[in-house]
Amino acid sequence: MAEAPTSPYEAFMTDPEAEAALLASENPQPVHYQKAALGIDEVAPGFVVLRKMADIQALTRSRDVLQFGGQGQGGMAGGGGLGLGGHHVAIPLELDGAEHTKWRKILDPVFAPKKMAPLEPRIRERSAALIDRFIDRHEVDAYEEWCEPLPSGVFLSIMGIPESELAHFLGFKNVILPSGAPGAPMPTLEERDAAFTDCETWFAAEFDRREKSGNYGEDVIGWLMQVDVDGRRITRDELHGICNLLMIAGLDTVAASLACILAHLARHPDRRRTILASPDIWPSAIEEIFRFESPVTQGYRHATKDIELPSGTMKAGTNAVLWWSAANVDGEAFDDPLEVRLDRQPNPHIGFASGWHRCLGSHLARMELRAALDVWHSRIPDYDIPEGVELRYSANPRAPHTLPLTW
Ligand code: HEM
């Protein structure tokens, strides 16, 4: 077992239990922790940090709130002017009010449960095929060879992007959401700019190709190019804003979640054995480990009016960092929040956020997690992190980007 972390920042990077305890605590440490996690020296005046479930629920359901940190705003998302939509507005993440609702109505059906369910056999097949490549080796960097390529490949095929582009798009994603590994440099604004330009160039050529052939395809790109929005087709600008965001969300978050859950089960063999003895609890076990690990840790919002929250008033003009991960260990929302109860019911965690911007891809993500973890454990039920290895987690999304396992 690793030594106890020496600072909040170390806890964040290395020890999920210490991190959860910090987030659940009432002391001011999480403020330092937040500074460290964001890599900024001071929290600017006019910034609040929300950690309570009731506050976050109330804020994310208010209409007097805007997303913060996106295109043209720079700042909190670390984009220096480039949000997750690159040179375009990230649709729907960076929209609010009626415009946001309009786009969610268009996009929700594409990722609805009944659209996602038929993909399960493909996910199981891909999961098994990746495992075939390393099972006889009895060791693997599970992040590199399984957690990352598995959902990324699935997502490319949903979008209608050839598998041969996998390395290309993973390179793009890893610039926009760097691993935060010790010593790894943070991408400069120029590098982010170049990565988005490269991604947008690829998509522009693909849109041209499909338009020219008149064969749009039965995939998400094809669907987006033909769908009716207010009696018109989606513009190129809008297509780029949607595709850039989807590529980042689809390529990174499920990989991070798989890595967090697999690392958790490697560190807690007793929990793994409990699940394997009663596989029916997989769904609730995944939800509970997901609550505790909270791979996507925070979001950002801006109040346009004074907003009454259970803990007090958030003043108009204030920006907020919302800790989904802290709300998920809030003692007022969960009994014994620091205890991992694999059969916890109900489990109203907000690992997929809450309110208007709740995750669009949660049905796909949940199905991928269940199918992939089930296949992994049917092939490799017993595994360990090699002695002496200390996992290091990235900030947001959180994940051990190197996950050595042996069996
Ligand atoms: C386990 C995996 C995932 C996690 C933990 C996750 C988490 C989140 C969170 C916390 C948000 C809210 C962001 C905010 O408001 O600040 C969000 C939004 C979003 N997610 Fe996911 N996500 C996951 C998978 C996916 C996938 C696979 C897709 C691809 C379809 C996706 C697409 C989106 C989109 C488009 C939004 C913006 C929704 C809106 O603004 O209305 N997510 N996700």
Side-chain angles (χ1 to χ4, degrees), residues 50 56-57 59-62 65-70 76-77 83-85 89-97 99-113 115-116 119 123 147-148 150-159 173 177 219-221 223-224 241-261 286-287 289-291 293-302 319-328 349-373 396-399:
L50 300 188
I56 294 180
Q57 292 275 14
L59 189 75
T60 53
R61 285 179 184 149
S62 166
V65 166
L66 301 178
Q67 282 284 358
F68 179 73
M76 295 299 289
L84 297 184
V89 174
I91 298 174
L93 187 69
E94 292 172 2
L95 299 174
D96 295 285
E99 195 61 9
H100 174 261
T101 305
K102 177 182 93 181
W103 283 102
R104 282 298 296 241
K105 278 196 187 134
I106 294 165
L107 294 171
D108 278 343
V110 186
F111 294 98
K115 276 276 181 64
M116 296 298 105
L119 301 174
I123 294 162
C147 304
E148 190 177 60
L150 171 52
S152 308
V154 170
F155 198 71
L156 289 196
S157 76
I158 297 175
M159 289 294 287
K173 180 267 286 183
L177 297 175
D219 42 44
V220 171
I221 297 178
W223 184 88
L224 287 171
I242 296 170
C243 289
N244 284 351
L245 174 65
L246 285 181
M247 292 310 286
I248 294 165
L251 293 191
D252 199 65
T253 50
V254 183
S257 305
L258 280 175
C260 285
I261 296 173
I286 289 173
E287 291 300 314
I289 300 170
F290 190 82
R291 172 189 76 80
E293 297 276 340
S294 288
V296 175
T297 56
Q298 347 164 300
Y300 313 102
R301 298 292 189 274
H302 172 85
N319 298 317
V321 178
L322 280 55
W323 281 94
W324 318 117
S325 51
N328 284 341
H349 70 75
I350 54 170
F352 289 105
S354 59
W356 297 106
H357 289 275
R358 207 186 161 283
C359 178
L360 176 78
S362 62
H363 306 298
L364 169 62
R366 282 195 157 110
M367 193 260 286
E368 285 187 288
L369 293 176
R370 285 177 200 166
L373 287 163
N396 185 24
R398 296 182 55 243

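In each ligand, atom 1 is the first atom listed, and ligand 1 is the first ligand listed.
Classification of the His357-His100 ring pair by plane angle, with boundaries at 30° and 60°, yields tilted.
Considering only non-hydrogen protein atoms, atom 20 (N) of ligand 1 sits nearest to Cys359 SG, 3.3 Å. Looking from atom 16 (O) of ligand 1 to the surrounding protein, the closest heavy atom is Arg301 NH1, 3.2 Å. The nearest protein atom to atom 29 (C) of ligand 1, hydrogens excluded, is given as Phe155 CE1, 3.7 Å; this is a heavy-atom distance. In terms of protein heavy-atom proximity, atom 13 (C) of ligand 1 is nearest to Leu93 CD1, 3.9 Å. For atom 36 (C) of ligand 1, the closest non-hydrogen atom on the protein side is Leu360 N, 4.0 Å. Of the protein's heavy atoms, Gly361 CA, 3.7 Å lies nearest to atom 26 (C) of ligand 1. Atom 1 (C) of ligand 1 has Ser257 OG, 3.1 Å as its closest protein atom, hydrogens excluded (heavy atom only). Here the protein heavy atom with the shortest distance to atom 38 (C) of ligand 1 is Arg104 NH1, 3.3 Å.
Residue nearest to atom 3 (C) of ligand 1, selected from Asp96, Thr253, Leu322: Thr253 (by heavy-atom distance).
Assignment of His100 to the shell around ligand 1 is supported, since a heavy atom sits closer than 4.0 Å. No heavy atom of Gln298 sits closer than 4.0 Å to any atom of ligand 1. The shortest heavy-atom distance from Phe290 to ligand 1 is under 4.0 Å.
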* Stepwise side chain to side chain contact (heavy atoms under 4.5 Å, CB included) test for Leu246 and Phe155 -> CA-CA 9 Å; Leu246 285 181; Phe155 198 71; 4.0 Å; yes
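Interface of Gly299 with ligand 1, defined as ligand atoms under 4.0 Å from a residue heavy atom, comprises 16 (O). Proximity to Gly351 (heavy-atom distance under 4.0 Å) selects the following atoms of ligand 1: 5 (C), 7 (C), 10 (C). Proximity to Leu245 (heavy-atom distance under 4.0 Å) selects the following atoms of ligand 1: 35 (C).
When heavy-atom distances to ligand 1 are checked against a 4.0 Å cut-off, Leu95 has no atom that comes that close, whether in backbone or side chain. Of all the heavy atoms of Pro92, the ones lying under 4.0 Å from any atom of ligand 1 are found in both the backbone and the side chain.
Residue Trp324 places no N or O, backbone or side chain, under 3.5 Å from any N or O of ligand 1. In terms of N/O distances under 3.5 Å, ligand 1 is approached by His357.
Proximity of a side-chain donor or acceptor of Asp96 to a complementary backbone N or O of Gln67 within less than 3.5 Å is detected. The closest donor-acceptor contact from the side chain of Arg301 to the backbone of Leu322 lies at 3.5 Å or more, if one exists at all.
In Trp356, the CH2 atom is not crowded: 12 or fewer heavy atoms of neighbouring residues, nucleotides or ligands sit closer than 6.0 Å.
Atom CD of Glu368 and atom OG of Ser257 lie 9.5 Å apart (nearest 0.5 Å).
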